Every structure is written in C-alpha cells, then in structure tokens.
2 protein chains.
Amino acid sequence: MRARRSSGRQTAGAGGREEGADRTIEILDAAADCFMESGFDAATIDDIADRLDSTKGLIYYKFKSKIDLFFAVYQRGIELARDTVQPHARSGLEPLARLKAMAIAHTLLLMRTLSYHHVIKQAVDVHVDRALTPQQRGALRQLTSLRAGYERLFAHVIEECAREGSLLVPNLDICTKTLMGGLDSVSNWYRPKANEMDVDRLFIAEAVANQVIFGLDSKAGLPKSEAGYVRLQESR
Amino acid sequence: MRARRSSGRQTAGAGGREEGADRTIEILDAAADCFMESGFDAATIDDIADRLDSTKGLIYYKFKSKIDLFFAVYQRGIELARDTVQPHARSGLEPLARLKAMAIAHTLLLMRTLSYHHVIKQAVDVHVDRALTPQQRGALRQLTSLRAGYERLFAHVIEECAREGSLLVPNLDICTKTLMGGLDSVSNWYRPKANEMDVDRLFIAEAVANQVIFGLDSKAGLPKSEAGYVRLQESR
DNA sequence: GTCTATAGCCCGATAGAC
DNA sequence: GTCTATCGGGCTATAGAC
C-alpha cells in the first residue's frame with residue numbers, strides 16, 4: 001500500500017510518469033484517520049506523524065499548518081465523492097434510476113473511505129469557526145462551494161424526478177438535505193469488519209438508498225433490483 | 001423559560017423562595033451553546049463563563065471537570081428528548097400514527113434545543129475516546145445506554161408497524177438508524193431565525209418526518225394531517 | 001458561592017542539523 | 001527531504017481570598 005518512491009518534485013518534468021515522492025496522499029490518509037478517531041482539535045500532529053512512522057518535520061514540510069492539512073483532507077474527500085458519483089448523475093438512465101445509483105455509489109464510497117467522510121462531517125459542523133488567515137478563509141469558502149456543488153448533483157436529479165412525476169418533492173432543499181442526511185448517517189454506526197466483502201457493503205448501501213428514496217411505507221412498490229447501477233460500476 | 005427557583009441545596013428548606021443557586025441549568029445552557037459553536041475541545045471554560053457574565057471559579061465549583069460538564073449537557077439533552085417523545089410512543093394511537101408523532105416531536109425539539117443536539121452529535125461521534133477516569137468511563141457508559149434506550153423507543157414502534165404490516169422493514173436496526181439519521185440531519189442546516197413562529201418549525205418537522213417514513217415516491221399515499229400529534233401536544 | 005491569580009502541561013510551529 | 005530540539009502561547013484545573 002505504501003508508495004515509497006523516489007521524488008523528483010520540482011526537478012523538471014523529466015518525461016517519466018510515475019508518482020514522484022508524493023507521500024502527500026499517505027499524509028492525507030493518516031490525517032483523515034486521526035481526525036476521525038480524535039477529532040480535529042484532539043488529534044495532534046505528532047499522532048499523525050506517528051501513524052506514518054515519521055516526525056512532524058515531514059508534515060510541516062508539506063503543509064503550512066494543521067488547518068491547511070485539514071482542508072486538504074476535506075478537499076480530497078469531496079473530490080473522491082464527486083468523481084465517484086458524477087458518472088451516475090450523467091448516465092443515460094431514467095432520473096429515478098440515476099438517483100438510486102447515485103445514492104448507492106455515495107454510500108458505498110462512504111463505507112470505503114469512512115475517515116474522509118468523518119472529516120467532511122466535522123467541516124460541515126460549525127467547529128471551523130476559528131480564527132483563520134484571509135487565505136485560509138478563502139480556501140474554506142472554495143471548499144464550501146465545492147461541497148455545495150456536490151449536493152447540487154443530487155438536487156438536480158431529484159428535481160428531474162419531481163418534474164417527470166416519479167417523485168413528490170414539496171421542497172427541493174429540505175428533501176435533498178434529508179435524503180443525503182439519511183445516507184450520511186451510515187457513518188454514525190458503520191465500522192468496517194475484517195474480511196468484509198463488497199457484497200456486504202452493497203447490501204447495506206442498497207437498503208439505505210431504498211429507504212431514503214422510497215421510505216418504509218408498505219404501500220409503495222419497492223423496485224428490487226436496479227440493474228443500472230451495477231452496469232456502470234463494472235465499466236469503470 | 002429560565003427556572004430561577006430556589007435550591008436549598010444543603011441549607012435545609014428554610015422556606016424562603018428565591019433562587020438559591022441553581023444556576024446549574026444556566027451553566028448547562030451556556031455550555032451547550034459554546035460546545036455547539038466551537039466544539040468540545042475548542043470551547044474554553046472561560047468562554048462558557050463569559051457567556052454567563054461570570055468566571056470559571058463558578059463552573060469548577062459546580063462541575064469537577066470540563067468533560068463532566070460535557071456529560072451533564074449530554075445527559076440533559078437526551079432526557080429532554082426522552083421526556084418529550086415518550087408520551088407519543090405510548091399514546092393509544094395506531095403504531096404508524098405514533099411513529100409519525102414521535103418523529104415530529106423529536107424534530108421540533110431538536111429545533112428548539114439545537115445546541116443540546118449538537119452536543120449529542122459530538123458525543124456520538126468518536127471524539128470522546130480520550131483518556132477518562134474510571135468514574136467518567138462509567139458515566140459515559142450509562143449515558144450511552146440512556147441514548148440507546150431513546151433510540152429503542154423508535155425501534156419498538158417501527159417494529160410494531162412492521163408486525164401489523166403498515167411498514168416494510170427489511171432490517172430493524174438499519175431502518176431505525178437511517179430514519180433517525182434523516183431526522184437529525186436537520187441540525188446540519190436549520191438555524192433559528194428571529195421572529196420564527198411555531199408554525200414555521202412545524203412545517204419543517206412535518207416535511208422531514210413524512211419523508212423519512214414515507215419517502216418521496218409519488219406512488220405512495222401521503223396522509224396529510226395526523227391529528228394525533230397535535231392532540232397530544234396540546235394536552236401537556 | 002463566587003472571584004483572582006497562578007501552576008503546570010500540552011501542543012502547534014519553527015530553526016537548523018544532516 | 002526528513003529529523004531533533006525548543007520556544008512560546010493557551011488552556012485546564014486548583015489554591016486561597018472574600
């Protein structure tokens with residue numbers, strides 16, 4: 001899993017492909033884990049360095065400050081989600097099938113990258129009210145709008161469903177937030193088990209996605225298998 | 001809203017009315033606000049004291065430590081919710097009507113006591129992994145089970161609905177957590193507005209409760225007004 | 001009961017060796 | 001690039017006056 005590669009950061013393109021040095025991703029992963037376990041404030045830079053079998057010198061070489069590191073984790077978390085879900089939003093399927101595929105993909109990713117999603121949750125919570133430099137405040141603003149854009153992926157598809165009549169949406173904003181809130185709540189209780197298979201996670205993701213879209217009402221007809229999701233997934 | 005009542009903690013009844021001391025509730029309220037705004041770690045005891053126009057001497061006179069204060073807020077938050085929702089769980093209505101009344105009551109309370117619910121969220125999140133004394137660990141265990149009991153109020157009613165066939169519940173645990181996750185997600189975006197009326201909050205609470213139970217599916221018949229909730233509410 | 005003053009610790013951040 | 005050593009600030013918690 002560890003990269004362990006040369007480096008050649010600034011030394012001209014040099015044509016070669018290959019990840020130069022970027023232990024950066026490793027740092028982000030370690031930071032995400034620590035932020036999940038202890039929360040932003042309680043996690044120390046030493047904790048993160050320990051997890052990398054390194055020292056904080058390395059971390060401060062790559063990131064200006066603890067909060068900058070936090071923002072980098074936040075950004076990677078949202079970008080991962082966007083890159084995973086966006087293809088489903090744009091597939092040629094019917095709106096409702098797309099929404100379901102997005103919900104499942106979102107939930108599966110959440111389970112596979114739990115720590116990043118916990119960081120996103122902390123960032124959404126107010127706790128990042130603290131004193132920031134102007135640059136940091138700008139970065140936060142950009143991240144907030146990146147996140148808003150991600151939510152809009154869902155809102156747009158929900159709106160399409162409403163327009164074609166497949167969903168009843170009294171208030172688009174409330175509906176979108178409540179739907180995504182249900183999906184994200186998986187992070188409150190899901191913890192990966194050793195030897196867990198993809199099927200186990202898929203079972204959970206399908207159950208939750210179904211529930212947030214169709215509810216629990218026995219009078220609604222739950223379509224059991226939406227082939228669209230699987231198809232897209234395999235083609236990656 | 002504030003209590004302002006005697007206290008007679010140790011000094012025998014003494015008959016006199018007058019607020020003896022219980023500024024305790026005031027401390028809890030101020031602490032909840034600060035914990036919501038800044039998070040447990042970033043909030044300082046001085047912040048909380050400032051909000052009370054007091055000093056930290058007072059707070060340490062009433063609470064042994066910052067984490068004990070946090071636990072006290074957490075406890076009050078769950079007890080408030082339990083006291084509000086339990087009557088609806090036990091009313092004579094049909095299971096599905098009870099569930100809806102509970103969901104609405106829960107969401108309304110969340111909006112009225114937002115800061116307490118943010119504290120509960122922080123407590124549920126892992127962040128309270130930190131080093132605790134044996135007593136504190138015991139207290140946390142008790143609070144965790146208090147919270148579990150509260151969730152079971154919902155689980156039991158959902159189970160009743162499943163048994164009588166009014167809801168389809170593939171997995172009781174996942175369904176309960178997802179349903180409550182949708183309700184609790186209101187705390188991610190709801191912020192009280194000046195001059196907001198009870199009706200405004202009721203609109204939100206009904207919309208969210210409807211969605212987490214019945215979903216958005218246009219083929220389900222949404223029962224629009226459940227008189228049961230209002231009846232119980234007025235009789236308090 | 002409430003306040004002031006301060007001890008003591010922890011952690012973010014930096015300087016500089018290698 | 002990565003590590004060691006350290007400073008400086010801020011916060012919890014306590015001691016003791018009133």
Side-chain angles (χ1 to χ4, degrees), chain A residues 2-11 19-27 30-31 34-35 37-73 127-133 135-136, chain B residues 4-12 14 16 18-27 30-31 34-35 37-73 127-133 135-136:
Chain A
R2 289 287 156 76
R4 266 331 161 174
R5 269 303 325 299
S6 114
S7 99
R9 242 161 88 79
Q10 60 291 69
T11 54
E19 28 144 343
D22 264 347
R23 301 199 63 186
T24 302
I25 299 288
E26 292 173 55
I27 296 177
C34 290
F35 290 147
E37 272 185 22
S38 321
F40 174 77
D41 290 285
T44 72
I45 304 286
D46 283 321
D47 291 340
I48 298 167
D50 284 354
R51 192 172 290 240
L52 292 164
D53 290 310
S54 181
T55 62
K56 50 178 158 189
L58 175 66
I59 292 168
Y60 277 105
Y61 176 73
K62 299 264 189 187
F63 296 93
K64 273 216 314 288
S65 71
K66 189 187 185 184
I67 193 109
D68 281 296
L69 172 56
F70 181 83
F71 287 164
V73 175
H127 310 160
V128 194
D129 260 357
R130 60 201 79 231
L132 300 173
T133 69
Q135 288 88 7
Q136 288 167 345
Chain B
R4 256 0 160 144
R5 268 301 328 294
S6 118
S7 98
R9 248 158 86 78
Q10 57 293 61
T11 52
E18 205 30 37
E19 31 143 347
D22 264 348
R23 304 198 62 188
T24 301
I25 299 288
E26 291 174 55
I27 296 178
C34 289
F35 290 148
E37 271 185 22
S38 320
F40 173 77
D41 290 284
T44 73
I45 304 286
D46 282 321
D47 290 341
I48 299 167
D50 283 355
R51 193 171 290 239
L52 292 164
D53 290 310
S54 180
T55 62
K56 50 179 159 191
L58 175 66
I59 291 169
Y60 278 105
Y61 176 74
K62 299 264 188 188
F63 296 92
K64 272 216 314 290
S65 70
K66 189 186 184 185
I67 193 103
D68 281 296
L69 172 56
F70 181 82
F71 287 163
V73 175
H127 310 161
V128 194
D129 260 356
R130 63 202 78 231
L132 300 173
T133 69
Q135 287 87 9
Q136 288 166 345

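Basis for what follows: all heavy atoms, side chains included, without hydrogens, waters or symmetry-related copies. Within every chain, numbering begins at 1; the chains are lettered A, B, ... in the order of the sequence lines, protein sequences first and strands thereafter. A quick note: this is a predicted structure, and the numbers were derived from the prediction, not measured.
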> What is the distance, rounded to the nearest whole Å, between atom CD1 of A:I27 and atom C1' of D:dG1?
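Going from CD1 in A:I27 over to C1' in D:dG1 covers 11 Å.
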> Write down the distance between OH (A:Y60) and C1' (C:dT14), rounded to a whole number of angstrom.
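After rounding, the reported distance stands at 9 Å.
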> How many whole angstroms separate atom CG of A:L52 from atom P of D:dT2?
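Going from A:L52 (CG) to D:dT2 (P), I get 10 Å.
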> Within this structure, what is the CD1-to-P distance between A:I45 and D:dC7, rounded to whole angstrom?
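Going from CD1 in A:I45 over to P in D:dC7 covers 20 Å.
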> Tell me if the side-chain of A:K56 makes a donor-acceptor pair with the base of C:dG12, cut-off 3.5 Å, by modelled atom types.
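Result: at least one qualifying N/O pair found.
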> Once side chain to side chain donor-acceptor pair (under 3.5 Å) is applied, do any residues pair with A:T55, and if so which ones, sequence neighbours excluded?
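Residues passing side chain to side chain donor-acceptor pair (under 3.5 Å) with A:T55: none at all.
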> Look at the rings of A:F35 and A:F40 and say which category their plane angle falls in: under 30° parallel, 30 to 60° tilted, over 60° perpendicular.
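Because their plane-to-plane angle lies in the 30° to 60° range, the rings of A:F35 and A:F40 count as tilted.
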> Just how far, in rounded Å, is P of D:dG9 from CZ of A:R130?
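Spelled out: CZ on A:R130 to P on D:dG9 is 20 Å.
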> Is there a donor-acceptor pair closer than 3.5 Å between any side-chain N or O of B:K66 and the backbone N or O of B:T44?
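Such a contact is absent between B:K66 side chain and B:T44 backbone.
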> Determine: side-chain N/O of B:Y61 to OP1/OP2 of C:dT2, distance under 4.0 Å, yes or no.
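For C:dT2, neither OP1 nor OP2 has a side-chain N or O of B:Y61 closer than 4.0 Å.
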> Write down the distance between NZ (A:K66) and P (C:dC10), rounded to a whole number of angstrom.
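Those two atoms, NZ and P, are 15 Å apart.
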> Among D:dA13, D:dT4, C:dG12, which nucleotide sits nearest the side chain of A:T55?
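So the nucleotide nearest the side chain must be D:dT4.
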> Give the minimum heavy-atom separation between A:A72 and A:F63, together with the two atoms involved.
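Shortest heavy-atom contact: CB-CE2, 3.7 Å.
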> Heavy atoms only, 4.0 Å cut-off, all strands: where does A:A49 land among base, sugar-phosphate and nothing?
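Since no nucleic acid heavy atom lies under 4.0 Å of A:A49, the category is nothing.
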> Under the rule for salt bridge (charged side-chain N to carboxylate O under 4.0 Å, His left out), what residues qualify as partners of B:D46, not counting sequence neighbours?
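With sequence neighbours excluded, B:D46 shows a salt bridge (charged side-chain N to carboxylate O under 4.0 Å, His left out) to B:K56, given in chain and number order.
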> Calculate the interatomic distance between B:D50 atom CG and C:dC3 atom P; express it in whole Å.
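So the CG-P distance, B:D50 to C:dC3, works out to 11 Å.
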> What is the distance, rounded to the nearest whole Å, between atom CG of B:D46 and atom C1' of D:dT14?
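Result: 14 Å.
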> Does A:S54 put a side-chain nitrogen or oxygen below 4.0 Å from OP1 or OP2 of D:dC3?
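Checking A:S54 against D:dC3: at least one side-chain N or O falls below 4.0 Å of OP1 or OP2.
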> Can you identify which nucleotide, out of C:dT2, D:dC3, C:dA13, has its nearest atom closest to the A:S65 side chain?
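Per side-chain heavy atoms of A:S65, the pick is C:dA13.
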